[in-house]
Number of protein chains: 2
Amino acid sequence: MSTEARLELGPSSLTDALYESVRKRIVNGEIPQGEKLTEVRLATEYNVARPTAKAALERLTALGLLRRTAHKTAVVPVLDQAEIRDLFFSRMTIEKAAVSALAATGEVPVDAARAQVAIEYAARDRLFENQVEADIAFHTALVAAVGSRRLSRMHELIIGEVHLTMGQYQAHRKAAPTTVAEEHAAILKAIEDGNPDAAADHLAYHLEQAQGRLLTTLQQASDEVVAQ
Amino acid sequence: MSTEARLELGPSSLTDALYESVRKRIVNGEIPQGEKLTEVRLATEYNVARPTAKAALERLTALGLLRRTAHKTAVVPVLDQAEIRDLFFSRMTIEKAAVSALAATGEVPVDAARAQVAIEYAARDRLFENQVEADIAFHTALVAAVGSRRLSRMHELIIGEVHLTMGQYQAHRKAAPTTVAEEHAAILKAIEDGNPDAAADHLAYHLEQAQGRLLTTLQQASDEVVAQ
DNA sequence: TCGTGCACTCTTGTCTGACAATCTAAGGAC
DNA sequence: GTCCTTAGATTGTCAGACAAGAGTGCACGA
């Protein structure tokens with residue numbers, strides 16, 4: 001972590017900017033798992049007041065990107081196998097409902113199709129970070145297209161952790177971009193065909209595969225630590 | 001709203017206590033829909049600092065019990081028909097997944113059974129507030145029993161609004177306690193029988209009925225306003 | 001030598017007071 | 001009557017401070 005940092009002034013609120021900056025650094029692995037983030041550290045690094053840093057930390061905590069208990073320092077969480085399973089179970093619940101609803105209308109969300117293209121480009125250029133980014137965007141677009149504010153908010157509550165996990169294990173990840181793209185395409189196809197059950201099934205398969213890939217890399221990562 | 005208020009010192013944090021106190025007052029209708037809650041008002045009423053009040057307001061906002069945009073005063077939201085439908089669609093998604101998972105194990109959650117009893121007592125004694133409270137507890141217990149931290153967190157994200165809506169229309173509500181109890185019993189029965197599909201179906205029916213009851217009372221309430 | 005307990009430090013929770021930026025609403029000009 | 005300006009209200013952010021809880025290491029005793 002560099003001793004100085006500059007905030008983009010895009011977002012209206014200073015807290016927003018700080019939140020967004022730290023969020024990115026966590027999900028792309030720049031701030032590694034297990035790292036502690038104190039309020040004063042964040043405040044001094046970004047040159048903001050402690051309450052502002054506190055607010056940003058609380059928001060990150062709410063989205064699962066940090067863990068924090070009373071009077072204790074916030075920590076970037078390390079998700080174990082059980083938690084990854086729980087994460088994907090929850091994710092499955094939301095996204096299944098989303099694709100089913102979309103298939104009922106038969107309309108393929110344009111943002112999802114766009115993200116699908118972005119994934120292919122990123123994969124071709126070996127830009128892993130962009131690939132993860134686009135993958136998250138794809139799934140987020142699917143949920144958003146349903147038009148349910150609350151479904152999206154619930155999804156937002158867990159997708160951060162998905163992003164975190166994928167980002168943290170990025171280096172270890174055996175990229176299988178074509179596989180991912182094919183699985184995504186199958187989901188979109190089922191939506192276009194207006195087949196809710198098929199859409200849900202394809203999505204379930206895709207997420208199971210994704211979970212499996214993550215658990216494998218997680219296992220490999222822990223093996224490497226043991227081997228040292 | 002009284003000009004003075006006392007906080008119970010149960011919760012460790014002052015913010016927690018404030019949050020909990022205001023939460024109760026919102027969901028039971030003491031603070032009506034559309035009411036504005038400024039930071040200073042809350043701070044002076046409870047005799048706490050503005051930052052503390054701010055934190056409590058932010059938490060309430062996160063759970064949908066207040067609406068707040070930048071630089072604007074927090075307001076107790078008024079849910080229209082479309083939002084109630086969205087709310088129940090989201091709720092359905094979570095709770096269906098929950099009862100299906102429970103039925104797969106075949107174990108009836110004790111807390112849910114306990115809440116079921118509480119509903120009956122409250123209904124018999126005409127304690128509407130307790131009845132609502134116990135109903136929320138029943139559904140929360142179902143989700144909690146799955147043991148998925150993230151599913152529970154997502155549920156928490158929307159159940160507050162359900163509570164709010166039920167509480168706010170409490171006065172208008174035509175109580176149908178036996179009906180509710182029977183619908184709940186059917187869900188528990190299906191779980192006990194280990195039948196996930198039946199459990200999901202009974203839950204879906206129950207929530208559709210509940211939504212219908214709410215929309216009806218909502219309609220009646222708006223009619224009354226027009227008639228004035 | 002090892003374990004227990006105390007003190008110290010770090011960090012967070014909360015407070016007071018303040019200023020700037022923004023939103024709301026009231027009042028005046030046309 | 002409508003639009004614009006201006007004043008008040010409200011929130012965002014800041015600085016500095018103190019108390020309370022959590023963690024750590026050292027000293028002391030067994």
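Here is the naming used below: chain letters follow the sequence lines, and residue numbers restart at 1 for every chain.
Residue pairs that meet the ring-ring contact (aromatic ring centres under 6.0 Å, His included) test with at least one member in residues 47-102 of chain B, sequence neighbours left out, do not exist here. Among residues at least two apart or in separate chains, side-chain hydrogen bond (donor to acceptor under 3.5 Å, both in side chains) pairs with a member in residues 50-67 of chain A are A:Asp16-A:Arg59, A:Glu39-A:Arg50, A:Glu39-A:Lys54, A:Arg67-A:Glu83.
Contacts of A:Thr216 classified as side-chain contact (heavy atoms from CB on, under 4.5 Å), with partners at least two apart in sequence or in another chain: A:Gln220. With sequence neighbours left out, the side-chain contact (heavy atoms from CB on, under 4.5 Å) criterion links B:Gln209 to B:Glu183, B:Tyr205, B:Arg213. With sequence neighbours left out, the side-chain contact (heavy atoms from CB on, under 4.5 Å) criterion links A:Gln219 to A:Gln81, A:Ser222, A:Asp223. By the side-chain hydrogen bond (donor to acceptor under 3.5 Å, both in side chains) test, A:Arg150 pairs with B:Asp86, B:Glu161, sequence neighbours left out.
A donor-acceptor contact closer than 3.5 angstrom links the side chains of B:His139 and B:His206.
Rounded to whole Å, atom P of D:dT11 lies 11 Å from atom CD of B:Glu58. Atoms NZ (A:Lys36) and C1' (C:dT12) sit 13 Å apart, rounded to a whole Å. The interatomic distance linking A:Lys54 (NZ) with D:dA15 (P) rounds to 16 Å, in whole Å. B:Lys72 has its NZ atom 14 Å from the C1' atom of C:dA25, to the nearest Å. Distance B:Glu39 CD to D:dT13 P: 11 Å, rounded to the nearest Å.
Closest to the B:Leu14 side chain, of the nucleotides D:dT10, C:dC15, C:dT12, is C:dC15. When distances are taken from the side chain of B:Ala49 to each of C:dC15, C:dT11, C:dG13, the shortest belongs to C:dC15.
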Do any side-chain atoms of residues 107-122 of chain A form donor-acceptor pairs under 3.5 angstrom with protein atoms, and if so which ones, sequence neighbours left out?
| from | atom 1 | to | atom 2 | distance (Å) |
| --- | --- | --- | --- | --- |
| A:Gln116 | OE1 | A:His184 | ND1 | 3.1 |
| A:Gln116 | NE2 | A:Ala181 | O | 3.0 |

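Here A:Thr15 reaches the OP1 or OP2 of D:dT13: one of its side-chain N or O atoms lies under 4.0 Å away.
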For nucleotides 17-21 of chain D, give me every protein contact, N/O to N/O, under 3.5 Å, one pair per line with atom names.
| from | atom 1 | to | atom 2 | distance (Å) |
| --- | --- | --- | --- | --- |
| D:dA17 | N6 | A:Arg50 | NH2 | 3.1 |

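Within residues 59-68 of chain A, no residue is approached by DNA chain D to less than 4.0 Å at the level of any non-hydrogen atom.
If you check every strand for non-hydrogen atoms under 4.0 Å, B:Pro51 touches a base.
Counting heavy atoms from C-beta on, the side chains of B:Ile26 and B:Val22 come closer than 4.5 Å.
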